[in-house]
Amino acid sequence: MTESNGKHPSINPEGKTTLTIVAILFFVVNLPLFLIHDISGWWSYATLAITLFFVWFFLNFFRNPVRRFPSDDQEQVVVSPADGTIVSIEEVDETDYFKDRRIVVSIFMSVWSVHANWFPVNGTVTKVEHQDGNYHAAFKPKASTENERSLVVIKTPEGKEIMLRQIAGALARRVITYCKPGDESRIDSQMGFIKFGSRVDVYLPVDTLICVKVNQKVTADISILAKLS
């Protein structure tokens, strides 16, 4: 698990291979233009600008900000595990694990969001399961059950269980979960990463007090999603 502290890298390690490829392509494309052709040519500057944009885009996508939940009172608190927008809050029949009614809060992550995912509660990881699937747009309801996804169940010290689904989007091609059953779940620690636009669903007991609303922007490890009863 990756800790949120001042010593962690500013670029997420998951981006190492992608950024290396992007850097190589940047030099392969631009160096011949400025060595062989007239450096004053407008197309040389246009190519440089376009390739610089792609370098900036991937550096921005794989950024790894330091996060610290702004309160010492973490009992019964459910913190947002992802940056993004609340696209749905509804009561559903959960059939994969709980087999009962749950409130699900869905967070859509655009390509501009930080894509690291944090643990939303303190507790113990009791189940981790990865499932292959399709790549529907992450904001669509069927993405929860048909897309590639990873399921994580956490039990709090008070005995409450919550479940998270990391869900791949139309562009996402890899869902990464760092934890395994038996691991400690701690607010301020990273749980995983999803490459490119995607979504995280949080399944909560039906008596949970929801503290967000649809279309609200949330920040991982900072915004409070809910309070367990």
Side-chain angles (χ1 to χ4, degrees), residues 1-37 39 41-68 80-85 87 106-119 130 132-140 143 147-150 152 164-179 188-201 217-223:
M1 293 179 289
T2 304
E3 298 294 333
S4 288
N5 56 49
K7 295 181 180 180
H8 77 171
S10 57
I11 298 298
N12 197 289
E14 302 299 339
K16 182 178 179 180
T17 299
T18 301
L19 291 171
T20 299
I21 294 171
V22 169
I24 291 172
L25 290 175
F26 175 82
F27 286 106
V28 167
V29 170
N30 286 284
L31 194 57
L33 293 176
F34 285 88
L35 289 179
I36 299 172
H37 298 288
I39 195 171
W42 66 267
W43 41 267
S44 296
Y45 289 106
T47 302
L48 177 63
I50 292 170
T51 52
L52 277 174
F53 169 79
F54 280 103
V55 171
W56 170 83
F57 173 84
F58 285 106
L59 284 172
N60 183 69
F61 181 84
F62 287 107
R63 67 196 186 277
N64 198 34
V66 175
R67 295 279 173 84
R68 184 69 63 184
S80 178
D83 283 12
T85 304
V87 293
S106 299
I107 306 164
F108 174 70
M109 305 158 64
S110 76
V111 294
W112 308 112
S113 302
V114 171
H115 272 61
N117 298 150
W118 276 258
F119 283 112
H130 183 88
D132 294 329
N134 296 316
Y135 294 94
H136 300 298
F139 55 82
K140 293 184 176 180
N147 280 17
E148 178 186 348
R149 57 203 181 275
S150 192
V152 178
L164 294 94
R165 276 201 184 105
Q166 296 172 280
I167 303 167
L171 296 177
R173 286 298 179 269
R174 191 179 178 199
V175 176
I176 302 158
T177 306
Y178 302 140
C179 58
D188 293 334
S189 294
Q190 287 184 7
M191 183 191 75
F193 193 91
I194 311 178
K195 290 190 174 180
F196 303 107
S198 42
R199 176 172 138 189
V200 176
D201 288 349
K217 301 289 184 182
V218 291
T219 303
D221 201 42
I222 300 295
S223 303

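This is a predicted model, so every value here is computed, not measured.
Here the straight-line distance linking atom CZ of Phe62 with atom NZ of Lys195 works out to 5.0 Å at 0.5 Å rounding. Considering CZ of Arg63 and CZ of Phe58, their distance stands at 14.0 Å, rounded to 0.5 Å. Rounded to the nearest 0.5 Å, atoms OG (Ser150) and CG (Asn117) are 10.0 Å apart.
For the pair Arg67 and Asp83, the salt-bridge criterion is met [side-chain N within less than 4.0 Å of a carboxylate O].
When side chains are defined from C-beta on, Leu25 does not count as touching Thr51, because their heavy atoms never get closer than 4.5 Å. Residues His130 and Thr177 have side chains not in contact (no heavy-atom distance under 4.5 Å, counting atoms from C-beta outward). Residues Asp221 and Asp188 have side chains in contact (heavy-atom distance under 4.5 Å, counting atoms from C-beta outward).
A perpendicular orientation is assigned to the rings of Phe193 and Phe61, their planes being inclined by more than 60° (bins at 30° and 60°). Using cut-offs of 30° and 60° for the angle between ring planes, the Trp112 and Phe57 rings count as perpendicular.
The two residues Ile107 and Pro81 make their nearest non-hydrogen contact at CD1-CD, 3.7 Å. Nearest heavy atoms, Phe119 versus Cys179: CZ-CB, 3.8 Å. Considering all non-hydrogen atoms of both residues, Ile194 and His115 come closest at O-CD2, 3.0 Å. Of all the heavy atoms in Asn30 and Leu48, the pair that sits closest is OD1-CA, 3.3 Å. Residues Ser113 and Gly84 come closest through the heavy atom pair OG-CA, 4.1 Å. Residue Trp118 comes nearest to Ala220 through the heavy atom pair CE3-CB, 3.4 Å, listed as atom of the first residue, atom of the second, then distance.
The distance between the ring centers of Phe26 and Phe54 does not fall below 6.0 angstrom.
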**Request:** Under the side chain to side chain contact (heavy atoms under 4.5 Å, CB included) rule, what do Arg149 and Asp201 come out as? Steps first, then yes or no, please.
**Result:** CA-CA 10 Å; Arg149 57 203 181 275; Asp201 288 349; over 6 Å; no
